[in-house]
Amino acid sequence: MKHFAWALTCTLAVATAPAQGAEITISCGAVGQEREFCERAASAWSQKSGHTVRIDTPPELTNERYFKYLIELGDGDDRIDVYQIDVIWPGLLARYMVDLANYVPAEEVAGHFQTIIENNTVDGRLVGMPWYTDVGLLYYRTDLLEKQGLAVPQDWSDLADMAAHIQEAERGEGRKDFWGFVFQGAAYEGLTCNALEWVSAAGGGTILDEQGSITVNNPKAVLALGRAANWIGTVSPRRVTSFNEEDARAMFQLGNAAFMRNWPYAWSLLSAPDSPVAGKVDVMPLPRGGPVGQSAATLGGWQLAVSKFSKNPEVAADLVRYLTSPEVQKDRAVNGSYAPTIESLYEDPEVLANPLFAKLKPVLETAVARPSHVAGENYMAVTARFWEAVHNTLTGDGSAADNLAALEDQLRLISVRTRRVRENAD
C-alpha cells in the first residue's frame, strides 16, 4: 500500500508541474519498481525545470516492447520523446534516435562504464545514455539451506540436486506447492538470457562467434539445454515455461521456491520489510556449467534515448541527463538495487551499504554479452529463433540435439537472405 501511495503522489506531482514549459513523454518502467522510480525522478526534474512529464508504460516482455517501439518509430510517431531501450537495441534503433553527444557534456559521458558507452555508440553517434546495468544472479533461501545442512551450489547439477532435496523436504512438511528452482522460461528475450547462461557456462559459446559464424549447435550446448529440460516438472513447475521476471519473483518472494534466477532489481523487493522472505535470502553468482565449467551471467541493462521525431529534443535530452545523473542513479541503487552505470558510485559508501553491490562488480566484469553487435540488424531474428528452440526443448517438443540442429539451419537461412538482400541492393 505504501508503494501505491508513493507512485500516486509521484504521478500527481508530474501532472501538476508548471504548465508553461514543454510536455515530454517518456516510455519507461514495466518490471518491479521501475515505474515508481521513473515517476519519482521525472517528478523531481519537472519541478526543477518547469516542464511536464507524461509516463507511458511499455509492455513488460522485452520483445513486445521492441516491436511496439519499432512500429511507432517506423511510422514517424512523435508522441514519445524518450525511450527506454535495452542494451541490445542501440544498433537496431539508431536510425531513429538523436546523437546525445550534441546535448550531454563529454565529461558526463566519460563518467559511465566505457564499455556501455561504446555499446551505445553507433557509427560515431551516441544514441543512448546508460541508465542502469544488469547481470543474471542466483537468489537462494539461506534458511532452507541451513535447515538441510547444505552449502551453496557450485554448478548447475549441484543446484538441481539441492533443489530436489529441499523440495522433497518442504513438501513432506505439507507445502505441496513448493518448488526447487524458478527462472524466466517463457518464449521471449528473457529466455535467451537464461539459456545463454546455461550454454556459455558449459563452454558451448554464445550462438554466434565474433566473426558471425553459427556455433550454437555443439555437444556442450546440447548438454546444457538437455539438463535444463530435465528440470521441468521435477524441480521447476511446468508453468515456468510461461514465466517472466515478475512471475519468478512473485513465486520466490511468497516463499514457494528454494532458488531463483533473476536480475539485481529483485533484491530490494525481496528484502523489503513486508516481504515474506525478508532476512531469509542471499544472492550469489550463477553456478558453473560443471566441474570444469565456468559461471556465466548474461549482461543486461537499459539506456535512455531521444527520438529524432521529438518536437522538443533539447528538453527531452535534458530529462535524459537528469535521469542518468549520479544523483538519480545513486537513489535507484540505494533504494531499488538498480546497478549504476557510473563507475564512481561503486565507491560510494551508501551504495556499498547494500551488500548486493559488493558482489555485483566482479560479475559485471566477466558478464557474457548477447551477439547483438555481430548479428546487427538480424539480432531479433536470431534471438527469436534461439528462444523458440530452447522453449521447444523445455516443453518437450523435440530434443535439445534436434532443436539445435534445426536452429542452425534457420540461422543459415537468415544469413543467406541477408546476403541476397545486400547483393540485390548493390
Side-chain angles (χ1 to χ4, degrees), residues 31-34 37 132-148 150-156 158-160 162-163 166 179-184 190 193-194 196-198 200-201 235-236 240 243-289 294-302 332-341 345-346 348 350-368:
V31 177
Q33 297 172 290
E34 277 189 331
F37 280 100
Y132 65 94
T133 189
D134 255 341
V135 282
L137 296 168
L138 182 69
Y139 292 84
Y140 62 94
R141 288 282 300 278
T142 55
D143 58 328
L144 297 183
L145 263 66
E146 182 178 355
K147 182 178 177 181
Q148 299 301 326
L150 299 172
V152 295
Q154 297 302 306
D155 60 43
W156 283 109
D158 282 347
L159 183 142
M162 292 182 190
I166 295 171
W179 289 91
F181 178 50
V182 291
F183 57 95
Q184 296 75 55
C193 295
N194 280 252
L196 185 58
E197 291 162 350
W198 308 331
S200 183
V235 297
S236 300
V240 79
F243 275 18
N244 59 25
E245 285 83 357
E246 284 293 86
D247 297 322
R249 181 185 67 82
M251 188 170 185
F252 186 80
Q253 189 160 343
L254 287 172
N256 292 326
F259 297 96
M260 174 184 68
R261 184 272 180 204
N262 218 317
W263 305 101
Y265 87 94
W267 176 260
S268 65
L269 296 167
L270 297 172
S271 305
D274 59 351
S275 169
V277 295
K280 302 175 183 178
V281 175
D282 206 347
V283 63
M284 61 177 283
L286 291 164
R288 297 194 304 266
Q294 59 187 352
S295 173
T298 301
L299 180 67
W302 292 85
R332 292 169 61 88
V334 171
N335 296 302
S337 297
Y338 291 95
T341 63
L345 288 177
Y346 287 88
D348 188 295
E350 291 182 73
V351 172
L352 293 179
N354 184 332
L356 172 70
F357 292 113
K359 301 177 181 181
L360 193 59
K361 194 172 182 182
V363 180
L364 283 168
E365 291 170 349
T366 59
V368 177

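Note that this is a predicted model, so its numbers are computed, not measured.
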Donor-acceptor contact present, side-chain Ser295 to main-chain Leu286, <3.5 Å: yes
Over all atoms of both residues, closest heavy-atom pair of [X] and [Y]:
X: Gln294; Y: Ser200; answer: NE2-O, 3.0 Å
X: Tyr140; Y: Val283; answer: CE2-N, 3.9 Å
X: Pro285; Y: Val363; answer: CG-CG2, 4.0 Å
X: Leu159; Y: Pro287; answer: CD1-CG, 4.0 Å
X: Asn335; Y: Gln33; answer: O-OE1, 4.2 Å
X: Ser268; Y: Gly336; answer: OG-O, 3.2 Å

Mind checking what makes side chain to side chain contact (heavy atoms under 4.5 Å, CB included) contact with [X], not counting sequence neighbours?
X: Ala258; value: Ile166, Phe178
X: Ala339; value: Thr133, Tyr346, Phe357, Leu360
X: Val334; value: Lys330, Glu350, Val351

Side-chain contact test, heavy atoms from C-beta onward, threshold under 4.5 Å: evaluate it for [X] versus [Y] and give yes or no.
X: Glu146; Y: Leu144; result: no
X: Leu138; Y: Pro153; result: yes
X: Phe252; Y: Val281; result: yes
X: Val135; Y: Val368; result: no

Taking the six-membered ring for Trp, are the ring centroids of Tyr139 and Trp263 within less than 6.0 Å of each other? no
Tell me if the aromatic rings of Phe243 and Phe183 count as close, with their centers under 6.0 Å from one another. no
Are side-chain N/O atoms of Asn354 and Trp267 paired as donor and acceptor at under 3.5 Å? yes
Contacts of type salt bridge (charged side-chain N to carboxylate O under 4.0 Å, His left out), residue Glu34, not counting sequence neighbours: none
Non-neighbouring partners of Glu197 that pass salt bridge (charged side-chain N to carboxylate O under 4.0 Å, His left out), sequence neighbours left out: Arg261
Would you compute the distance between atom [atom1] of [X] and atom [atom2] of [Y] and round it to the nearest 0.5 angstrom?
X: Met284; Y: Leu137; atom1: CE; atom2: CG; value: 10.0 Å
X: Leu269; Y: Arg249; atom1: CG; atom2: CZ; value: 4.5 Å
X: Leu356; Y: Lys361; atom1: CG; atom2: NZ; value: 14.0 Å
X: Arg141; Y: Leu270; atom1: CZ; atom2: CG; value: 10.5 Å

What do the steps show when you test Cys193 against Gln184 for side chain to side chain contact (heavy atoms under 4.5 Å, CB included), and what is the final call? CA-CA 9 Å; Cys193 295; Gln184 296 75 55; over 6 Å; no
Students often mix this up, so state it plainly: with edges at 30° and 60°, are the rings of Trp156 and Phe181 parallel, tilted or perpendicular? tilted
Tyr338 vs Asp134, side chain to side chain contact (heavy atoms under 4.5 Å, CB included): CA-CA, chis, key distance, verdict: CA-CA 8 Å; Tyr338 291 95; Asp134 255 341; 6.0 Å; no
The complete set of salt bridge (charged side-chain N to carboxylate O under 4.0 Å, His left out) pairs with one or both residues in residues 275-288, sequence neighbours excluded, reads Asp282-Lys359
